[in-house]
Each structure stands twice: as structure tokens, then as C-alpha cells.
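Computed over heavy atoms, backbone and side chain alike; hydrogens, waters and symmetry mates excluded.
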Amino acid sequence: MIMTRSEQEEIKMNKLVIAVIAIVAVLLIGTYNGYNYYNGPKIVNGVVSGSVDGKGKPIDFTNEFSLGDTVYFSAEVNRFWIKEAKVIWYKDQVKTSNRLHVEENIVLNDAGYFTAKLTIPDDAKEGRYMVTIFVKGSKISETTAEFYVKK
């Protein structure tokens, strides 16, 4: 079958339009994923545990502790450029007046976690406690975990 010159040009134009649409789609998807990667949570999966292993990975998961116990809070980094964080411990709700302890400049450990610990004082009150983590220099909480102190 022999095509006319205008049919050949029409086929070329269709191929060009398909290529442009494909490039635009790839750019839009890449922009969307890049935006979400940069603006999404940077520290995730915050958990409390009774201890951490030699590399800093949480083990002995629990959310109930007694007076004198050490509570470990661990959270995974979700962005390769995040290297330092700040952890704040609270009695009951997360609000400034309930702050118990602030740990600044926590560095990423070998297991890819930020880990902080709090030893529960012997005079602590029973009830709910919370811990939250921030990327160093940010005022946006990344993840929060709660635990309970019982006598």
C-alpha cells in the first residue's frame, strides 16, 4: 500500500503528539512524586520500647512502664538528608505546659533510627505520657507515640 505525502505527514504528527503527551505525563508524575517526597513526613514509625539492640533498632515493644524503667523512643528516617532531630517528652497531652524533657541534636544511628530515652523518675505520676519528634530546626511534629506509667 502506497501512502500519500499527507498521510505520511499525518502519521509523523500523530507520533509526535503521542511523544509529547508521554513526556508531559512523565514530567507531571515526577513533579508530583518529588513534591510528595520533599514535603511528606521525613521521620516515620515512632515507637516506644523497653530497649534497643546494639545498632539502635527498637526491641521489647511495649507501651506500659513502671517507675524507674527506661523508655526508649525510636523513629525511622524517611529522607536521606535528615541527620538530626529533636525529641520532646510530655505528661499526658502534647502541649508546652506538659513538657517533661527535651532532647536536642539526636543523630541518626547505624540502624537508621533516631533514638531517645527517658528514665521514669520514682516520683512520676501514673497515667498517659507522650513523646514526639521533630526534624532539627522544624516546628512540625513528624510522629508521636504514647505510653503509660503504672505503679
Side-chain angles (χ1 to χ4, degrees), residues 12-151:
K12 285 181 184 179
M13 184 59 81
N14 288 343
K15 287 181 180 180
L16 179 63
V17 167
I18 290 170
V20 168
I21 290 171
I23 290 170
V24 168
V26 167
L27 288 173
L28 288 173
I29 291 169
T31 301
Y32 173 78
N33 288 331
Y35 176 83
N36 283 339
Y37 184 79
Y38 184 76
N39 291 308
K42 295 162 185 64
I43 302 173
V44 296
N45 302 331
V47 296
V48 290
S49 65
S51 61
V52 294
D53 69 13
K55 289 189 174 187
K57 186 174 181 179
I59 52 177
D60 299 331
F61 295 98
T62 184
N63 68 345
E64 290 187 8
F65 297 90
S66 299
L67 302 177
D69 286 350
T70 299
V71 181
Y72 291 87
F73 173 72
S74 302
E76 294 178 90
V77 69
N78 199 17
R79 302 293 188 267
F80 70 89
W81 65 83
I82 305 298
K83 302 295 182 201
E84 290 186 60
K86 174 173 80 171
V87 171
I88 303 176
W89 301 84
Y90 299 90
K91 169 65 176 111
D92 199 27
Q93 297 177 339
V94 174
K95 60 183 189 179
T96 305
S97 62
N98 291 345
R99 284 186 180 178
L100 294 174
H101 182 63
V102 177
E103 293 183 60
E104 307 252 4
N105 303 318
I106 296 173
V107 294
L108 192 63
N109 65 28
D110 293 339
Y113 288 86
F114 291 107
T115 301
K117 65 181 181 177
L118 176 73
T119 301
I120 300 169
D122 291 333
D123 62 347
K125 295 180 181 177
E126 282 189 311
R128 182 173 86 155
Y129 288 75
M130 299 192 74
V131 56
T132 189
I133 189 166
F134 300 80
V135 171
K136 182 179 179 182
S138 175
K139 294 181 180 183
I140 300 170
S141 171
E142 295 289 332
T143 187
T144 302
E146 69 180 309
F147 62 97
Y148 298 88
V149 173
K150 299 187 178 189
K151 292 185 180 185

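A donor-acceptor pair shorter than 3.5 Å cannot be found between the side chains of Ser49 and Asp60. Side-chain contact of Asn45 with Glu76: a donor-acceptor pair under 3.5 Å is present, judged by distance alone. Donor-acceptor pairing under 3.5 Å is recorded for the side chains of Asn105 and Lys136.
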Criterion side-chain contact (heavy atoms from CB on, under 4.5 Å) on Thr143 and Val44, from CA distance to verdict: CA-CA 6 Å; Thr143 187; Val44 296; 5.8 Å; no
If you apply the rule salt bridge (Lys or Arg N to Asp or Glu O under 4.0 Å), what do you find for Arg128 with Glu146, and how did you get there? CA-CA 7 Å; Arg128 182 173 86 155; Glu146 69 180 309; 3.6 Å; yes
Check the pair Val107, Lys83 against side-chain contact (heavy atoms from CB on, under 4.5 Å), reporting the backbone distance first and the verdict last. CA-CA 6 Å; Val107 294; Lys83 302 295 182 201; over 6 Å; no
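In this structure, the separation between CD on Glu126 and NZ on Lys150 is 8.0 Å, given to the nearest 0.5 Å. The structure places OG1 of Thr119 at 12.0 Å from CG of Leu67, a figure rounded to the nearest 0.5 Å. To the nearest 0.5 Å, atoms CD1 (Ile82) and OG (Ser138) are separated by 8.5 Å. Within the model, atoms CD of Glu64 and OG of Ser66 stand 8.5 Å from one another, a figure rounded to the nearest 0.5 Å. Note that OG of Ser74 is 12.0 Å distant from CD1 of Ile43, once rounded to the nearest 0.5 Å. To the nearest 0.5 Å, atom CD1 of residue Ile140 and atom OG1 of residue Thr132 are 11.5 Å apart.
When all heavy atoms of Ser141 and Thr144 are compared, the pair lying nearest together is OG-OG1, 3.6 Å. Heavy atoms only, all atoms of each residue included: Thr62 and Gly50 are closest at CG2-N, 4.3 Å. What you find for Ala116 and Ile106 is that their closest heavy atoms are CB-CD1, 3.7 Å.
At distances below 3.5 Å, not a single donor-acceptor pair connects side-chain atoms of Arg99 with backbone N or O atoms of Lys91. Asn98 contributes no side-chain N or O that, together with a main-chain N or O of Lys95, makes up a donor-acceptor pair within less than 3.5 Å.
Applying the ring-ring contact (aromatic ring centres under 6.0 Å, His included) test between Tyr129 and each of Tyr90, Phe147, Trp89 identifies Phe147 as the sole match. Applying side chain to side chain contact (heavy atoms under 4.5 Å, CB included) to Phe73 and the options Val47, Val48, Leu118 leaves one that passes, Val48.
Cation-pi contact between Lys117 and Tyr72: absent, since separation from the ring centre below 6.0 Å together with deviation from the ring axis within 45° is not met.
Around NZ of Lys57, the count of heavy atoms belonging to other residues, nucleotides or ligands within 6.0 Å does not exceed 12.
Taking the side chain as every heavy atom from C-beta outward, Ile133 and Phe114 approach each other to under 4.5 Å. The side-chain heavy atoms of Val102 and Lys86, taken from C-beta on, include a pair separated by under 4.5 Å. Glu142 has its side chain within reach of Val135: a pair of non-hydrogen atoms, C-beta onward, lies under 4.5 Å apart.
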